[in-house]
Protein chains: 2
Amino acid sequence: MNPINIRIALVEDDERFRTNLKKYFDLTDPFEVIFTADSVESGLIQLEAHDDLDIVLLDIGLPGMSGLEGIPLFKKVKPELDVVILTSYEEEQKILKALCSGATSYISKRTRLEEIASALHIVHSGGSFMSPSIAREIVTYFAKGQNKEKKKILTSRQTEIMELMIEGNTYSSIAQALLISAETVKSHIKQIYTNLHVNNKAQAIAKYMAN
Amino acid sequence: MNPINIRIALVEDDERFRTNLKKYFDLTDPFEVIFTADSVESGLIQLEAHDDLDIVLLDIGLPGMSGLEGIPLFKKVKPELDVVILTSYEEEQKILKALCSGATSYISKRTRLEEIASALHIVHSGGSFMSPSIAREIVTYFAKGQNKEKKKILTSRQTEIMELMIEGNTYSSIAQALLISAETVKSHIKQIYTNLHVNNKAQAIAKYMAN
DNA sequence: CTACAATCCCCCATTTGGGGGGTATCTGAT
DNA sequence: ATCAGATACCCCCCAAATGGGGGATTGTAG
């Protein structure tokens, strides 16, 4: 067997698209289509019989069990399997759910076959590929999360020290990082405790991280 | 002006890399380098004078203010500006922070220039590009999040002690609350640190609260 | 002028973390 | 039935870190 063979499976209910993909990958090195399925259920059964699989290309809009529900099941049978979502659903909710369930990549069906192949190469070498529109949804998600502005009870210097404290630094290592004296760090931390109405590191971190 | 012109700015302290990028983009259509800067501070000043900017390419490891801190400032001056991080820092923490601050894309410095250009095209047309290794960090982050319920790294006793520790109790006050010896509390906490792969209270609390 | 952030210093008791050592149950796998 | 492993429990030593109490000087913004 070719050492750089990439063994894939296709789980897709649209027969035309599925056979198209299979044809393409059958003709394209170094891909090897181990099996195809038109549902999660059938895919799972076939997966049991083929433990040499690298990547499963999974659609979301499947009859019966959805691809979204299927992800954890595939990962359960073979945890090191890379699940690549190939679908036309691009809503944030579906994307996030897929990623949370353990999908490695999320590719739009509009993507050209060569680009899908390139994505699979990336995945096989330990990376991850996101279609531009999908990636945009993800960054939007993160940016939204930040909009919750938190209380400005700490000065910028105090925040800086707080962050370093959370990383487990001692007063002196914080001092070194900020090029100030450990005594100064201590003074700042005293002040932090006063501002947060606490009197030790544990409570301070808890309070700081809670908001 | 060419309607498909992409007006970019480079904020990067490594002079060689910066001039390289500038040369490349100066020669490559449809890019136009509006200005370059070697620090966030200088970049912000120049941004005020150029309101026709589309994208800023920003390094993270800058002297003075870090790129991470700079992102919100750039977005504040010009909210519709797309901030593209181009850096060699690939730690999850930095990546997430950048995305939360409003970065649109995050590209590894190891990326070929043509690919960077292609990423900028994607960003300019409303998408987002992530380097494979970066994207992988992001999906890992999501996958971890899902395991939060399954995060039973701590036994029930350890959890109990952890909660009391977060409230700021000392070993002896935890001992009193649980009617055991302080030495036992200490043993438990040692074990907690082992399980969480940390070695002090601060990191333990941060890790415990993060999930 | 005043308040406040940021910097620095000393003293000293308490807490912590890391290194040992141990016993008693309970559970799951052989 | 037994036995390894996990869990909970207890103890000692000692260096390092922390926290609380004093104090001080700058610079800056209101």
Side-chain angles (χ1 to χ4, degrees), chain A residues 76 149-211, chain B residues 40-41 44-45 63-66 69 72-73 76 147 149-211:
Chain A
K76 196 173 174 186
E149 52 184 276
K150 51 184 165 187
K151 303 163 195 171
K152 276 186 180 176
I153 22 181
L154 299 185
T155 69
S156 61
R157 196 52 156 177
Q158 289 169 352
T159 305
E160 218 169 357
I161 287 171
M162 193 70 217
E163 304 277 5
L164 289 165
M165 195 158 62
I166 287 175
E167 287 170 24
N169 292 286
T170 65
Y171 295 174
S172 46
S173 62
I174 294 174
Q176 280 175 28
L178 300 181
L179 303 172
I180 55 178
S181 136
E183 286 298 332
T184 305
V185 174
K186 200 173 161 182
S187 299
H188 281 298
I189 290 176
K190 283 183 198 176
Q191 197 51 49
I192 290 174
Y193 291 171
T194 304
N195 294 152
L196 295 179
H197 306 293
V198 299
N199 48 29
N200 61 53
K201 212 192 283 190
Q203 295 173 330
I205 292 175
K207 204 151 203 168
Y208 181 82
M209 293 195 71
N211 67 42
Chain B
V40 170
E41 291 85 345
L44 282 170
I45 292 168
M65 188 184 298
S66 85
E69 297 165 291
L73 303 180
K76 196 172 173 186
N147 296 345
E149 194 118 28
K150 207 188 69 177
K151 276 266 180 177
K152 282 180 183 172
I153 315 178
L154 299 186
T155 69
S156 59
R157 196 53 158 176
Q158 288 170 352
T159 306
E160 217 169 358
I161 288 172
M162 192 71 218
E163 304 279 2
L164 289 165
M165 195 159 62
I166 287 175
E167 288 171 23
N169 292 287
T170 66
Y171 294 174
S172 45
S173 62
I174 294 175
Q176 281 175 29
L178 300 180
L179 301 171
I180 56 179
S181 135
E183 285 298 333
T184 305
V185 174
K186 200 173 160 181
S187 301
H188 281 300
I189 289 177
K190 282 183 195 176
Q191 197 51 47
I192 290 174
Y193 291 172
T194 305
N195 294 152
L196 295 179
H197 307 294
V198 299
N199 47 29
N200 59 54
K201 213 193 284 191
Q203 294 173 332
I205 293 177
K207 204 152 203 168
Y208 181 80
M209 294 197 69
N211 67 46

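A, B, ... follow the sequence lines: proteins, then strands. Residue 1 opens every chain. On a predicted model such as this, the values are computed, not experimentally measured, just so you know.
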Reckon [X] has a side-chain N or O less than 4.0 Å from the OP1 or OP2 of [N]?
X      : N      : answer
B/H188 : D/dT7  : no
A/Y193 : D/dG19 : yes
B/R157 : D/dC9  : yes
B/Y171 : C/dT14 : no

Nearest to the [X] side chain among [options], which nucleotide is it?
X      : options               : value
B/T155 : C/dG19, C/dG17, D/dA8 : D/dA8
A/T170 : D/dC11, D/dT18, C/dA6 : D/dT18
B/N199 : C/dG18, D/dA8, C/dT16 : C/dG18
A/N200 : D/dG19, C/dC9, D/dA8  : D/dG19
B/K190 : C/dC8, C/dG18, C/dA6  : C/dG18

query = For A/I180 and B/K186, take the nucleotide of DNA chain C holding the closest heavy atom to each; which residue's nucleotide lies nearer the 5' end?
reply =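 Closest to the 5' end, via its nearest nucleotide, is A/I180.
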Item to complete: Would you kindly compare A/Q191 and A/A182 by the position of their nearest DNA chain C nucleotide and give the one closer to the 5′ end?
Response: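 Taking each residue's closest nucleotide, the earlier one in sequence belongs to A/Q191.
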Over all heavy atoms of both residues, which pair between [X] and [Y] is shortest? Give the atoms and the distance, please.
X      : Y      : value
B/L164 : B/N169 : O-ND2, 2.6 Å
B/I189 : B/Y171 : CD1-CE2, 3.3 Å
A/I192 : A/Q158 : CD1-O, 3.5 Å

Looking for any heavy atom pair under 4.0 Å, which part of the strands does [X] touch: base, sugar-phosphate only, or nothing?
X      : answer
A/T184 : base
A/K201 : sugar-phosphate
B/S187 : base

Quick one: [X] [atom1] to [N] [atom2], roughly how many Å, whole number?
X      : N      : atom1 : atom2 : answer
A/I192 : C/dA5  : CD1   : P     : 12 Å
B/L178 : D/dC9  : CG    : P     : 8 Å
A/I189 : C/dT7  : CD1   : C1'   : 14 Å
B/Q158 : D/dC9  : CD    : C1'   : 13 Å
A/Q176 : C/dC8  : CD    : P     : 13 Å
A/I174 : D/dG19 : CD1   : P     : 11 Å
A/L179 : C/dA6  : CG    : P     : 16 Å
B/I161 : C/dT15 : CD1   : P     : 17 Å

Taking side chain as C-beta onward, heavy atoms only, is B/L44 less than 4.5 Å from B/K76?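 No - every pair of side-chain heavy atoms lies 4.5 Å or more apart.
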A/I180 vs A/R157 side-chain heavy atoms within contact, under 4.5 Å: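 Yes, their side chains come closer than 4.5 Å.
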Side-chain donor/acceptor contact of B/E183 with base of D/dC12 under 3.5 Å: yes
task: Would you kindly say whether B/E163 and B/Y208 are connected by a side-chain donor-acceptor distance under 3.5 Å?
output: yes
